[in-house]
Amino acid sequence: MMADRENIVVLTGAGISAESGVATFRDKDGIWSKFDWQKLATPEAFESDQQTVYDFYNTRRHKLRDVSPNPAHEALARLEREWGGGFTLITQNIDNLHERAGSQALIHMHGEMMKIRCAECETVTPYDDDLSFDLACRACGESGRMRPHVVWFGEMPLEMEGIYRALQEADLFVAIGTSGAVYPAAGFAAEAQAMGARTLELNLEDSDITPRFDAVRRGPAGAVVPEWVEELLDA
Ligand code: APR
Ligand code: ZN
């Protein structure tokens, strides 16, 4: 029986959105098998070829309009609503499917694709249309310097203090749909475990961090996550 007062921390990666039709990064045909991240997802790329970066993110932003949350996103939103203890959802994903499924206790550690940020004054605003050079920052007035509010390779993930606080207080840490290829997220299971949490991996296949988990369940998130949540809430 899972005592209601237990604190659960969930980390999601691209795999949770795969069944919604959002491409993952490192699977066969993943985004990084088609695009060079060094030319698209680094501050240097933005400085040297801003239009190409705009095109890459505009294409992915358009795609987001045609996809919806899947049962895995919905199950996590249900767990947050019905669970009696602490619940924190950390996502590496920059899509908005967790919010659209109803999740609120959500930390986007790699930023959000449907928000833009001024490269001059750092002001962040939600924005649905295409990124372009004509865009001017509402705060400082600078134009042509708006970027996706996304953490690029070589940049610091967001809200790390809040994340480490949640990991310290976690009784159960669950990773869903992540290959464990990118730090610091790939180190969270070990951190949580070192501070006494039990760890569970829900993933389609073994990941780089599978050995870090006390338990694993294999299968598509759309089936495995609702099953796990059902068991947890029924316990
Ligand atoms: N259900 C569950 N897991 C799945 C599914 C599915 N339907 N489909 C794929 N997976 C798993 C894969 O087995 C893999 O382990 O999801 C994982 C996806 O791994 P990646 O593509 O590497 O995505 P992620 O771990 O989120 O990448 C981390 O890397 O490029 C950066 O910033 C980017 O946030 C991203 C970070
Ligand atoms: Zn500005």
Side-chain angles (χ1 to χ4, degrees), residues 10-42 45 56-57 60 67 69-73 75-76 90-95 97-98 107-113 115-125 127 135-158 163 174-189 200-213 216-228:
V10 174
L11 169 72
T12 60
I16 199 168
S17 299
E19 289 154 86
S20 294
V22 179
T24 62
F25 294 97
R26 293 174 187 80
D27 286 324
K28 203 173 59 53
D29 301 337
I31 294 177
W32 300 141
S33 70
K34 295 186 187 124
F35 298 98
D36 177 356
W37 60 267
Q38 283 161 308
K39 296 207 177 68
L40 298 163
T42 62
F56 175 63
Y57 283 96
R60 290 173 67 198
V67 299
N70 68 56
H73 297 105
L76 291 181
I90 305 163
T91 187
Q92 300 172 86
N93 299 341
I94 57 175
D95 65 49
L97 295 175
H98 280 306
I107 299 177
H108 271 283
M109 65 178 289
H110 289 166
E112 300 172 67
M113 184 152 57
K115 288 185 179 167
I116 56 176
R117 184 167 86 229
C118 174
E120 298 309 314
C121 75
E122 302 291 304
T123 304
V124 175
T125 32
Y127 183 69
L135 276 178
C137 170
R138 281 194 220 135
C140 73
E142 191 73 25
S143 69
R145 295 292 292 149
M146 299 309 279
R147 59 171 277 182
H149 178 50
V150 168
V151 176
W152 282 327
F153 288 96
E155 295 185 321
M156 263 311 279
L158 308 174
I163 288 174
V174 187
I176 304 173
T178 182
S179 63
V182 172
Y183 283 81
F188 291 170
L200 168 67
E201 181 183 58
L202 307 180
N203 210 54
L204 193 60
E205 55 203 14
D206 279 7
S207 72
D208 296 356
I209 49 175
T210 296
R212 283 286 171 204
F213 290 88
V216 301
R217 294 187 186 191
R218 289 287 169 260
V224 172
V225 178
E227 204 174 84
W228 169 66

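Order of appearance sets the numbers: ligands from 1, and atoms from 1 within every ligand.
- Note on the Zn ion (ligand 2): protein N/O/S atoms under 2.8 Å are Cys118 SG, Cys121 SG, Cys137 SG, Cys140 SG.
- A donor-acceptor pair shorter than 3.5 Å cannot be found between the side chains of Thr91 and His110.
- No donor-acceptor contact under 3.5 angstrom links the side chains of Ser17 and Ser20, judged on distance only.
- By the side-chain hydrogen bond (donor to acceptor under 3.5 Å, both in side chains) test, Arg26 pairs with no residue at all, sequence neighbours left out.
- For the 3.5 Å distance criterion, the side chains of Gln92 and Thr178 qualify, holding a donor opposite an acceptor.
- Closer than 4.0 angstrom to ligand 1 lie heavy atoms from Gly13, Ala14, Gly15, Ala18, Glu19, Thr24, Phe25, Arg26, Asp27, Trp32, Gln92, His110, Phe153, Gly177, Thr178, Ser179, Val182, Asn203, Leu204, Glu205, Gly219, Pro220, Ala221.
- Listed by chain and number, the residues in a ring-ring contact (aromatic ring centres under 6.0 Å, His included) with Phe25 are Trp32 (sequence neighbours excluded).
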Residue pair Leu97, Val67: steps toward the side chain to side chain contact (heavy atoms under 4.5 Å, CB included) verdict: CA-CA 8 Å; Leu97 295 175; Val67 299; 4.2 Å; yes

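- A salt bridge links Asp206 to Arg218: at least one charged side-chain nitrogen sits closer than 4.0 Å to a carboxylate oxygen.
- A salt bridge does not link Arg212 with Glu201: every distance from a Lys NZ or Arg NE/NH1/NH2 to an Asp or Glu carboxylate oxygen is 4.0 Å or more.
- Using the six-membered ring where Trp is involved, His73 and His98 have ring planes that are perpendicular, over 60° apart on the 30 and 60° scheme.
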